[in-house]
Amino acid sequence: GSVKARWRRFVFLTDVAWAKLSDDDEIGDSLVSYDATLKLGWFEALGGYRVYEHPGGLLGTPSPTERQIFAVDLLAGLTYSWIDVRLKLSREPGVIIPGLERTVNPTDDWVAPYLAARLINDFTRRLRLETLLGLGAFGVGHAPYLGWQLTTWLAYSLSERWFLSVGGRALGMRDDDVDITFYGPMIGFGFRFGGGG
């Protein structure tokens, strides 16, 4: 979920995401099986400035009757990340060796700075493409040395206020002992309180 606001050339963005991935299988012929679950929570609060705006969109021409734009926003702020990993290892009982089960469940969270750029383009008065590229963490506190995301979606206006959107998101974290990437499609709907971008 996200909330976006703009006042003149000042822009504000909040975004929250939650994901859960799980997998279970056997490790070869070792009689050992695993059950792994990874949960990720993400919240970002960013503010910034619209550094460029071209009326008419990137490929269009300005029109006094239609509000279409191509815009570039630069943003900065904070993110909160939460990771929970659960790994359960089980060994089936053998002829001599008894069965065994172990579970580890590390959890970590952190707040870190974040920088982002957002590109917006109206192809028509109903069709808008929006892309956000973000980098953060930078090893501040006990955050990873790099957190990143690439989010892009295409929105279609059903009316002046309501719109549908489809797109995708990739969200990653890198450190000496962390290498996580989430990615996948998104579909949603939204409500626009005001006009413009």
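Reckoned from all heavy atoms, side chains included, excluding hydrogens, waters and symmetry mates.
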Handout entry: Nearest non-hydrogen partners of Ala143 and Trp110, listed with the distance
Key = CB-CD1, 3.3 Å

Practice task
Please report the closest heavy-atom contact between Phe163 and Ser157, naming both atoms and the distance.
Solution key: CB-CA, 3.8 Å

Problem - Leu40 side, atom CG; Ser81 side, atom OG - distance, nearest 0.5 Å - result: 6.5 Å

Handout entry: Transitive ILVMFWY side-chain link Phe191 to Val3, under 4.5 Å
Key = no

Handout entry: Heavy-atom pair of closest approach, residues Ala36 and Leu87
Key = CB-CD1, 4.0 Å

Exercise for the section: Say whether, by atom type as modelled, one donor and one acceptor occur between the side chain of Asp122 and the main chain of Ile69 under 3.5 angstrom. Expected result: yes

Practice task
Specify whether Trp162 and Phe189 have parallel, tilted or perpendicular ring planes, treating 30° as the upper limit for parallel and 60° as the lower limit for perpendicular.
Solution key: tilted

Exercise for the section: Would you indicate whether the side-chain heavy atoms of Glu130 and Ser165 approach each other to under 4.5 Å? Expected result: no

Problem - Polar side-chain atom of Arg161 near backbone of Phe193 as donor-acceptor pair, under 3.5 Å - result: yes

Problem - Greater than 12 external heavy atoms within 6.0 Å of Phe10's CZ - result: no

Practice task
Assess whether ring-ring contact (aromatic ring centres under 6.0 Å, His included) is satisfied between Trp42 and Tyr80, documenting all intermediate values.
Solution key: CA-CA 6 Å; Trp42 168 272; Tyr80 170 75; 9.7 Å; no

Exercise for the section: State, to 0.1 Å, how close Ala137 and Ala112 come at their nearest heavy-atom pair, and which atoms those are. Expected result: CA-CB, 3.5 Å

Problem - Closest heavy-atom pair and its distance - Pro55, Glu53 - result: CD-O, 3.8 Å

Practice task
With side-chain contact (heavy atoms from CB on, under 4.5 Å) as the test, would you mind laying out the steps for Val11 and Lys4 before giving the verdict?
Solution key: CA-CA 8 Å; Val11 293; Lys4 293 171 257 185; over 6 Å; no

Exercise for the section: Using the rule that two of Ile, Leu, Val, Met, Phe, Trp, Tyr join whenever any of their side-chain heavy atoms come within less than 4.5 Å, decide whether Trp18 and Phe182 are in one cluster. Expected result: no

Handout entry: Test item: Leu13 and Leu132 side chains (from C-beta on) under 4.5 Å apart, heavy atoms
Key = yes

Handout entry: Separation of Asp179 CG from Met173 CE (nearest 0.5 Å)
Key = 11.5 Å

Handout entry: Donor-acceptor under 3.5 Å (Arg9 side chain, Arg50 main chain)
Key = yes

Handout entry: Hphob cluster co-occupancy, Leu46 + Leu171, side-chain heavy atoms under 4.5 angstrom
Key = yes

Handout entry: same_hphob_cluster(Phe138, Tyr145) at 4.5 Å side-chain heavy-atom cutoff
Key = yes

Practice task
Keeping the roles fixed (side chain from Arg6, backbone from Arg8), state whether a donor-acceptor pair exists under 3.5 Å.
Solution key: yes

Completion exercise
Distance col, row Leu154:CG vs Asn121:CG, nearest 0.5 angstrom, shows 10.0 Å

Fill in the blank from the handout: For Tyr34 and Asp23 the tightest heavy-atom approach is OH-OD2, 3.0 Å

Problem - Aromatic ring pairing His54/Tyr52, orientation class (parallel under 30°, perpendicular over 60°, tilted between) - result: parallel

Exercise for the section: Would you kindly confirm whether Val72 and Trp7 end up in one hydrophobic cluster when ILVMFWY residues are joined by side chain heavy atoms under 4.5 Å apart? Expected result: yes

Problem - Residues Asp15, Arg169: salt bridge by 4.0 Å N-O rule - result: yes

Handout entry: Criterion side-chain contact (heavy atoms from CB on, under 4.5 Å) on Thr107 and Trp82, from CA distance to verdict
Key = CA-CA 8 Å; Thr107 301; Trp82 171 79; 3.4 Å; yes

Practice task
Flag the pair Tyr49 / Leu74 as yes when at least one side-chain heavy-atom distance between them is below 4.5 Å, and no otherwise.
Solution key: no

Practice task
To the nearest 0.5 Å, tell me how far Thr151 OG1 sits from Glu44 CD.
Solution key: 7.5 Å

Problem - Gap between atom CD1 of Ile83 and atom CG of Leu38 - 0.5 Å precision - result: 6.5 Å

Problem - Ion pair check, Asp35 and Lys88, cut-off under 4.0 Å - result: no

Handout entry: Atom pair CG/CZ of Leu58 and Phe123 - distance to nearest 0.5 Å
Key = 7.5 Å

